[in-house]
Number of protein chains: 2
Amino acid sequence: MSPPEALLILTDDDLLAAHWQGLATAPVRARGLDGLDAWRAAGHRLVLVDLGLARGGTAALWTRPGWQRNVAGLSILAASSQPDDDEGLAVLNAGASGYCHTHAPLDTLRQALDVVASGELWVGRALLSRLLRLVDTRLPRRGLADWAGPLTEREREVAQRAATGDSNQAIGTALGITERTVKAHLKAVFEKLAVTDRLQLALRVHGVR
Amino acid sequence: MSPPEALLILTDDDLLAAHWQGLATAPVRARGLDGLDAWRAAGHRLVLVDLGLARGGTAALWTRPGWQRNVAGLSILAASSQPDDDEGLAVLNAGASGYCHTHAPLDTLRQALDVVASGELWVGRALLSRLLRLVDTRLPRRGLADWAGPLTEREREVAQRAATGDSNQAIGTALGITERTVKAHLKAVFEKLAVTDRLQLALRVHGVR
DNA sequence: ACGCCACCTGTCCTTGTGGACAATACAGTC
DNA sequence: GACTGTATTGTCCACAAGGACAGGTGGCGT
């Protein structure tokens, strides 16, 4: 379906490198983040990186100085020997296109690489399930569309800003009105939402009870 | 890589059905949720469903009575003519294994079907980005155990109360100390957490931003 | 035309808040 | 014993916040 694309495998583990040899016709092997620059310079994009690279060091791989600069423009499938949801979230946030197990079946890895190479994302079932769960429990934030219920448009704007810590003066300047007017709006907001001050307002707006 | 698997396409749209004919060797066409039962009974699993099925009705497809019962055991790729993050979240939560555009390139659809057929999930870049963003803004909730880091025990107590809206006077009474002392503690808290006032403190404590 | 409502502004006043400067007491550490 | 960190309290002060009271404008529907 997709033309075989040049693959760079990035790992310090010789056994793992051998295992991954079967993934492509002629995968290139590198051991450090430096390899990424050369790979991009050569016009390639596809990379399979072993997160175990960081096991020896103190910092996680994707938090190292070189990472953010190096991943730009590349399609990266990150593999971990001990997949962990948090790690997965972190690497995806850091620009990786996929996250999987280092010793997943070669068929699975090939498919993942295909997907990543085509510009899409590869996320495991467990990780995505967790994402959905997190988002689900977060949905009660729908109260976020609820707190503004009885408020007018202007009151909403003022309340939103006050709830994030802006001073009345700052709000006024931002909206092009007087501080006095801001106070008037806030007074109305306090009444309608049955709170006494901006801190209670902030808690309400941000869904803290 | 994966043996071509029998595909059921579920849509009311004849043009779309024609477009999707090229996805597999001999895709079976059905028009309603009833088709799912027969499909599973025949020992198949892979389904591509057009969410446009629901456009005519009032309820979204995946909220219909038959859905939850029918999707069990099937690998479903849901397609929408107007993909929308919320819709995507909803169908994935409802048991679908993937979400994509109805008129995505056939190559992409084939790849998505391959992925779904292999038991994995297919999620578009935009949707996953949104998921990550949602989760990201939520994760700092773990900072809840973190914000108190450099604070002393007493400062923590005071900060906790101030962050929920208590006045200095109230905090003092609650802890059996003078309002002045509360201010002293809060001053230290503000410095250590690098915030300027109790509202910013509240946002920090409750994991906002 | 009248009333209702959103929006805007003014002055006066009380209170809470945050900061500056200073001091006492008590604990554990070197 | 000197030192450091924590907890405590004091006074004085500048300022933002919130409430009370009193307006002005413009749109919109009956």
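Since the model is a prediction, treat every value here as computed from it, not as a measurement. Order of the sequence lines sets the chain letters (A, B, ...), proteins ahead of strands, with each chain counted from 1.
With contacts defined as side-chain heavy-atom distances shorter than 4.5 Å, the pair B/Ile9/B/Leu7 qualifies. Within the 4.5 Å cutoff, the side chain of B/Leu113 has heavy atoms near those of the B/Leu46 side chain. With a 4.5 Å cut-off on side-chain heavy atoms, B/Trp39 and B/Leu10 do not count as touching. Looking at heavy atoms from C-beta onward, B/Ile76 lies out of side-chain contact with B/Val91 at the 4.5 angstrom threshold. With a 4.5 Å cut-off on side-chain heavy atoms, A/His44 and A/Val28 do not count as touching.
With the end axes of the helix from C/dA1-D/dT30 to C/dC30-D/dG1 each set by five pairs, the angle from one to the other reads 30° at 10° resolution.
Contact check on A/Asp12 versus A/Arg29 returns no salt bridge, with no Lys/Arg side-chain nitrogen under 4.0 Å from an Asp/Glu carboxylate oxygen. At a threshold of 4.0 Å, the pair B/Arg31-B/Asp13 does not count as salt-bridged, since none of the basic side-chain nitrogens sits closer than that to a carboxylate oxygen.
Between D/dA20 and A/Lys187, a contact under 4.0 Å exists linking OP1 or OP2 to a side-chain N or O. OP1 or OP2 of D/dA16 has not a single side-chain nitrogen or oxygen of A/Asn168 nearer than 4.0 Å.
You'll find that the side chain of A/Phe190 is closest to D/dG19, out of D/dA17, D/dG19, C/dT17.
At whole-Å resolution of the value, CZ in A/Arg198 and P in C/dT17 are 13 Å apart. To the nearest angstrom, C1' of D/dA16 lies 13 Å from CG of B/Leu199. Nucleotide D/dG18 holds its C1' atom 13 Å from the CG atom of A/Leu201, rounded to whole Å. Remark: P of C/dG16 and NZ of B/Lys183 are 10 Å apart, rounded to the nearest angstrom. Atom CG of B/Asp197 is separated from atom C1' of D/dC15 by 13 Å (rounded to the nearest Å). Atom pair A/Ile171:CD1 and D/dA16:C1' shows a separation of 12 Å (rounding to whole Å applied). Between the P atom of D/dT8 and the CD atom of B/Glu157 lies a distance of 9 Å, rounded to the nearest Å. Rounded to a whole Å, the CG atom of B/Leu186 is 9 Å from the P atom of C/dT17.
B/Val205 and B/Gln160 make their closest contact through CG1-NE2, 4.4 Å (heavy atoms, listed as atom of the first residue, atom of the second, distance).
Aromatic ring centroids of B/His206 and A/His206 lie 6.0 Å or more apart.
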Sugar-phosphate or base contact per nucleotide [nucleotides 4-11 of chain C; S, B, -; heavy atom under 4.0 Å]
--SSSBBB
Along nucleotides 23-30 of chain C, 5' to 3', which nucleotides get a B, which get an S, and which get a -, given that the test is a protein heavy-atom distance under 4.0 Å?
--------
Apply salt bridge (charged side-chain N to carboxylate O under 4.0 Å, His left out) to B/Glu191 and B/Lys187, showing your working.
CA-CA 6 Å; B/Glu191 271 181 22; B/Lys187 179 178 167 55; 3.7 Å; yes
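Of the residues listed (B/Lys183, B/Arg180, B/Arg198), the one engaging B/Asn168 in a side-chain hydrogen bond (donor to acceptor under 3.5 Å, both in side chains) is B/Arg198, and it is the only one.
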